[in-house]
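Worksheet for the structure shown next.
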Amino acid sequence: MTAHATFEEAIRKSELISADLSKNPQKYRVLTGDRPTGPLHIGHYFGTLANRVRLQNSGLESLILIADYQVLTDRDSVGQIAANVREILLDYLAAGLDPFKHKTIIFAHSAIPELNQLLLPFLTLVSVPELERNPTVKDEIKAAGLNIINAAMLMYPVHQAADILFCKGNLVPVGKDQLPHLELSRKIARRFNERYKNIFPEPDALLSEAPTILGLDGSQKMSKSRNNAIFLGASEDETAKLIKSAKTDADRQITYDPETRPEVANLLRLISLCTGQTPVQVADQIGDQGSGKLKALLTDSLNAYLAPMRKRRLEFAKNPGLVSKVLNMGNQRAREFAIKTLDEVRGAMGMIYG
RNA sequence: AGGUCGCUAGCUCAAUUGGUAGAGCUUCGGAUUCCAAAUCCGAAGGUUGGGGGUUCGAGUCCCUCGCGGCCUGCCA
């Protein structure tokens, strides 16, 4: 099957599942996650976080992974990891993920030894060239400018397979770039089932139509490392300052044209996400008032949109005990899955001796 | 384990026979601009991996320790 055909197939299946979600939420267990390299920004929010909250609220069991070990795939040090984990927890809670009201489990790699142990048999189901061929990994190595590739970087898609399969997750919301990883997870599940015993589901992709949010420099995806991001927890003044620094163009007449005016289009799209208007409507409203007006409007819209989240975030920040409880609770529940699955795996492999 | 090369600003790298540690990019500020970008001007940024020694003087030479790359080997 060609890559394109695979993609078409993934879209088709994703649409079928999407239609089924509200009818049969109990059929699905969702896994997503983030590397704790810093606080989350509005690209994360509009790209995935909002969708996770939506899935949670429609009754799906959702596991959210803080992939702390994977911080080290492209750097030598974890940095202020404890602070970063805390910031991400605050972002999750502020965005509306709620382990107390919903079937949501927030947990960390490092707290689940059984999950990581699954990695070992999984690694034997994958060949080295298969890992080296992964286009997303190749891109990430290139983007990070790595001249030394550590083994964890090469095998992190296998680690992801363990993340998904330890809890028998069957639905993974992803962007197009993550499809190769999910394909590998499916392959690993299939090979394990074939070689030992049928215990793993083959997880499906839920392709989001979420727009990619460009950074404030307008040329690349928003990301912390490119220093072009607005953090969810930023103050209103910081947000205003960052938006003011965004790249635009010299044309005073504001139009929505993603092809020729990607920077302006990106700002219009952000307003659209905050207000519910279409980008074209926003552009018409600004007319010939220029990018200054566009930025003022975005600043007001975004600050207003994020205000309730930021308020919640500040309140959670005052309650570190509650934040710790969220993670401890999630770790405990995730670990129960992991212990159970590892037992099954060892049984299937004939590795229970005593 | 052996051989070898390396460690200088946030990043990439300079620094003559031993003689005041610099540049580019990034960051920050200013000019400019409807706002930006680009451009121009300016600023910040360092115990030269740690320690010791030689010397009037060490990034540079010597010793030592640490960390890392590559090559070869060994082991489960």
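Bear in mind the structure is a predicted one, so any value in this text is a computation, not a measurement. The chains referred to below are lettered A, B, ... by the order of the sequence lines, with proteins before strands, and numbering in each begins at 1.
rU8(B) and rG3(B) have their C1' atoms separated by 26 Å, given to the nearest Å. Comparing rC41(B) with rC61(B), their P atoms are spaced 37 Å from each other, to the whole Å. Remark: the separation of the P atoms in rG22(B) and rC62(B) is 25 Å, to the nearest Å. For the P atom pair drawn from rU33(B) and rG24(B), the interatomic distance equals 27 Å after rounding to whole Å. Rounded to a whole angstrom, the distance from the C1' atom of rA9(B) to that of rU48(B) is 10 Å. With P as the reference atom, rG18(B) and rU60(B) are 11 Å apart, rounded to whole Å. Distance noted for atom C1' between rC56(B) and rG46(B): 25 Å (whole Å). The P atoms of rA31(B) and rG68(B) are separated by 48 Å, rounded to the nearest whole Å.
Around atom NZ of K221(A), no more than 12 heavy atoms belonging to other residues, nucleotides or ligands sit under 6.0 Å away. Atom CD of Q281(A) sits in a crowded spot, with more than 12 heavy atoms from other residues, nucleotides or ligands closer than 6.0 Å. Open room surrounds CD on E194(A); 12 or fewer heavy atoms of other groups in view lie less than 6.0 Å from it.
Ion pairing of E61(A) with R333(A) is absent here, as no side-chain N (NZ or NE/NH1/NH2) approaches a carboxylate O to less than 4.0 Å. Using a 4.0 Å cut-off between charged nitrogen and carboxylate oxygen, E183(A) and R190(A) do not count as a salt-bridge pair. A salt bridge links K187(A) to E130(A): at least one charged side-chain nitrogen sits closer than 4.0 Å to a carboxylate oxygen. Between K103(A) and D98(A) there is no salt bridge, since no side-chain N of the basic residue sits under 4.0 Å from a carboxylate O of the acidic one. By the 4.0 Å N-to-carboxylate-O rule, D204(A) lies close enough to R186(A) to be salt-bridged with it. Electrostatic pairing of R252(A) and D288(A) does not count as a salt bridge here, judged by no charged N lying under 4.0 Å from a carboxylate O.
Note on A250(A): a base of the nucleic acid sits closer than 4.0 angstrom, heavy atoms only. At the heavy-atom level, D288(A) lies nowhere under 4.0 Å from the strands shown. Heavy atoms of K244(A) sit under 4.0 angstrom from primed sugar atoms or phosphate atoms, though from no base atom. Residue T248(A) is in base contact, counting any heavy-atom pair closer than 4.0 Å across all strands shown.
Nucleotide rC35(B) holds its P atom 16 Å from the CD1 atom of I286(A), rounded to whole Å. Taking atom CG on L297(A) and atom P on rC35(B), their separation rounds to 17 Å, with Å as the unit. Look at CG on D249(A): it is 14 Å from P on rA38(B), rounded to the nearest Å. Between the CG atom of D251(A) and the P atom of rU33(B) there is a distance of 17 Å, rounded to whole Å. Rounded to an integer number of Å, the gap from CZ of R75(A) to P of rG10(B) is 17 Å. Rounded to whole Å, the distance from CG on L242(A) to C1' on rA36(B) is 13 Å. Atoms NZ (K247(A)) and C1' (rC34(B)) sit 18 Å apart, rounded to a whole Å. Between the C1' atom of rG68(B) and the CG atom of N150(A) lies a distance of 14 Å, rounded to the nearest Å.
You'll find that the side chain of R252(A) is closest to rC34(B), out of rC34(B), rA37(B), rC35(B). Comparing atom distances between the K241(A) side chain and each of rG29(B), rU27(B), rA36(B) picks out rG29(B) as nearest.
In this structure, S291(A) contributes its side chain and L294(A) its backbone to no donor-acceptor pair below 3.5 Å.
Side-chain atoms of D68(A) and S110(A) include a donor-acceptor pair closer than 3.5 Å.
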Dot-bracket encoding per residue of RNA chain B, Watson-Crick/G-U cut-off under 3.5 Å, | denoting interstrand: (((((((..((((.....[..)))).(((((.......))))).....(((((..]....))))))))))))....
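Contacts between residues 263-277 of chain A and RNA chain B, defined by a heavy-atom separation under 4.0 Å, are absent.
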